[in-house]
Amino acid sequence: MQLKHFTILVTFFTGFSLFAQAQETDTTIATQQLNEVVVRGFETERKLTETAASVGVLTIKDIERFQNTTLVPVFNTLPGVRMEERSPGSYRLSIRGSSLRSPFGVRNVKIYWNDIPLTDGNGNTFLNAIDMNTVGNIEVIKGPAGSIYGAGTGGVILLGGNKALAQQSSKEKPTSYINTTFGWGSFGLQNRAISWNLATEKINSVLSYAHAQADGYRQNSATVRDVLSWRSNFFASAHRTFNVSALYSDMHYQTPGGLTQAQMDQNPRLARQPTPTIPGPIQQKAGIYQKVFNLGVSQEYRFNEHWTNVTALYGTITELRNPFITNYEIRNEQTFGGRTRTTYAFRTGTFSNRLSAGGEFQQSYWVIRNFGNRGGNIDTLQTNDNVGAMSYFLFTQLETELPQNIILTIGASYNSVKYNFTRVSDAPNIKPIDNFLPAAFLPRIALLKKIKDKIAVFASVSSGFSPPLVSEFTAGYRNSTFVPTLASERGTNYEIGTRGNLFNQRLSFDVTAYSFRLQNTIVRRVNEAGTEYFVNAGGTLQNGLEVLLNGWLVKKPEATTVREVRLFSSFTLADYQFKNYKQVQTDLSGKSLTGVPRHVWVSGLDIVSQPGFYLNSTINFTDRLPVNDANTVYANSYWLLNARVGYQKTFKPLAINIFVAGDNLLDKLYSLGNDLNPVGNRFFNPAPTRNWQVGGNVRIFL
């Protein structure tokens, strides 16, 4: 079967290549080389080949390879990164296996949107509030980055919004254009977006609105989302830049729940089935109603050639309603904070140095009320909690260039976290609780050696910590009091790697090997009533290998037939095991880490022809993975094939791009997001079968 699929893929690629070679146009394609990519992560502003860290970079070209409705396949092209979608809009994102304690949502990974923290004081991120049509670039820092970014052992994601593109060199005439995106697809999918873009000598601004909706593949899996966003850079002077970022997202998605293996095999479109004692999601109208408003302002000021300061202030308001099978939760959250960094660039002899110091502060407040759920309607109040979380960290980092093209980086941060909890519904016997977690000191040291500006080798040692979340403290205590018994996770990561370019920049490579050791691992448990709770259950040893290759078989911008043929391939080996790990009285040491496939291989082919026809196609193999800690049940391995064929052309003042895209073209039955250690063996959330989308965008210059 695998040989048959490979033959189909090769035939498809070859046929399109022959078709593309017979065409002609005047479209130009720019390909950004590895040694040209500038990395913002770790506050270095260095080329990727000069960055002593495992960083994955996705450009707008990588983002636009897929359907314009989800970032799931985009993230999954990076080795070591796994994004899942349990149901449309319900994302789970892990870096190097960090989803062990994430039954849903995005946890243990810190995310910034336009340099503004999107992660709240509870360590949770509403990544589904972002519309992918507004994302212009992505950086993924893999492994602990606490020396600069504070809490989180999984890593950091830096999301940047689209920028308006200037179309002429004239400084007097501004560039202004409207960009519209549209799409229709299987299972009732509709997608449309419009943005106004302005680029002048003093302003770069993008204002956009996006709407997406779908009926869903499974029962009770419909989704609707509206996103309004604005990003603007104001270049006040040669020394000062002001930045504004505003985001409002209004989203509702239904949650179908998990199925057993037998139920998935019989009818994968079912929602979770009711039992004699517990109703199903259809009866309880289970879903998420979520509103997020995020506003941030920042200033970058360059005092002179040596001193620079970047300071940002932000606030987030979130409203969430979650009718669930067993309860109805209403959560209101307010978060505000700031981040500042001052950099001093200086020279010692012939070598340059860069010293950075700063800090980040965040305060979050929640009002969390839990009610009974009577057919999707609020019933009797169960608990009423007021919760607060305050965190701050101070950091410093020194980069210095040593002889023999060696770059040394030394950094560290001091982290403090405090929670306070009041169960108002316990009145008159209210006992407010303040809980200071032990402070954490997180050092990092890295060394990089450049070889003739083509190849770099690096090594690093970094530490990270991840405090328990408010929801983890309170889970399991719905009818009693707050019991802060959990300890913070602590981990140390050892890493070596190499990246560079060969064969006149026709081949770029990025290879990293690492060993991450985590202690006080926080894991999720579920009792027979379906109530979740969390415990420290031991540690993990996570050894891994990540490989990313990019090769250009054809790269001729002025060619009259085929202008670009690019092949890429990423490979992930995750040898993850529990250490000193107990589940009640059962010792599970040596078992594979739950929810992590041992092997993942993703490869793609991009072809661009001179007439404007293009092909983007990707094949993904994901190994089987354990879905319970005892490793007695596995989700099956699967192959995914998707492709997008389109045509792009500029007819001034218009630029058009239309495409037809197919996902899961091999029509595989698989679960893209699994429930780990659930009651009743309901592990699986079947993903859509073969599905299609037609869409595109039109750019109108004003």
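Basis for what follows: all heavy atoms, side chains included, without hydrogens, waters or symmetry-related copies.
Here salt bridge (charged side-chain N to carboxylate O under 4.0 Å, His left out) pairs that include residues 133-155, with residues two or more places apart or in two chains, are Arg40-Glu139, Lys142-Glu546.
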- Task: Tell me, with the steps shown, if Phe621 and Trp601 meet ring pair (Phe, Tyr, Trp, His ring centres under 6.0 Å).
- Result: CA-CA 5 Å; Phe621 169 75; Trp601 173 70; 7.9 Å; no
Hey, mind stepping through Asn657 and Tyr614 against side-chain hydrogen bond (donor to acceptor under 3.5 Å, both in side chains) and telling me if it holds? CA-CA 10 Å; Asn657 182 356; Tyr614 64 87; 2.6 Å; yes
Verdict with supporting geometry, Arg598 and Asp575, salt bridge (charged side-chain N to carboxylate O under 4.0 Å, His left out): CA-CA 6 Å; Arg598 182 176 177 84; Asp575 183 14; 3.2 Å; yes
Self-check item: Working for salt bridge (charged side-chain N to carboxylate O under 4.0 Å, His left out), residues Glu84 and Arg86
Solution: CA-CA 6 Å; Glu84 301 173 324; Arg86 297 166 64 243; over 6 Å; no
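A donor-acceptor pair under 3.5 Å is formed between the side chain of Ser413 and the backbone N or O of Gly146. Looking only at distances, a side-chain donor or acceptor of Asn664 sits under 3.5 Å from a matching main-chain atom of Pro688.
A search for side chain to side chain donor-acceptor pair (under 3.5 Å) contacts involving Glu401 returns Ser352, not counting sequence neighbours.
Interatomic distance, Phe578 CZ to Leu518 CG, rounded to the nearest 0.5 Å: 10.5 Å. Taken to the nearest 0.5 Å, the CG atom of Leu507 stands 5.5 Å off from the CG atom of Leu502. Rounded to the nearest 0.5 angstrom, Phe393 CZ and Phe465 CZ are separated by 9.5 Å.
A salt bridge links Arg46 with Glu399; the closest basic N to acidic carboxylate O contact falls under 4.0 Å. One finds a salt bridge joining Glu360 and Lys110 here, because a Lys/Arg side-chain nitrogen approaches an Asp/Glu carboxylate oxygen to under 4.0 Å.
With respect to Arg96, the side chain to side chain contact (heavy atoms under 4.5 Å, CB included) criterion is satisfied by exactly one of Val596, Asn493, Val109: Asn493.
Side chains of Arg65 and Thr618: a donor on one and an acceptor on the other come within 3.5 Å.
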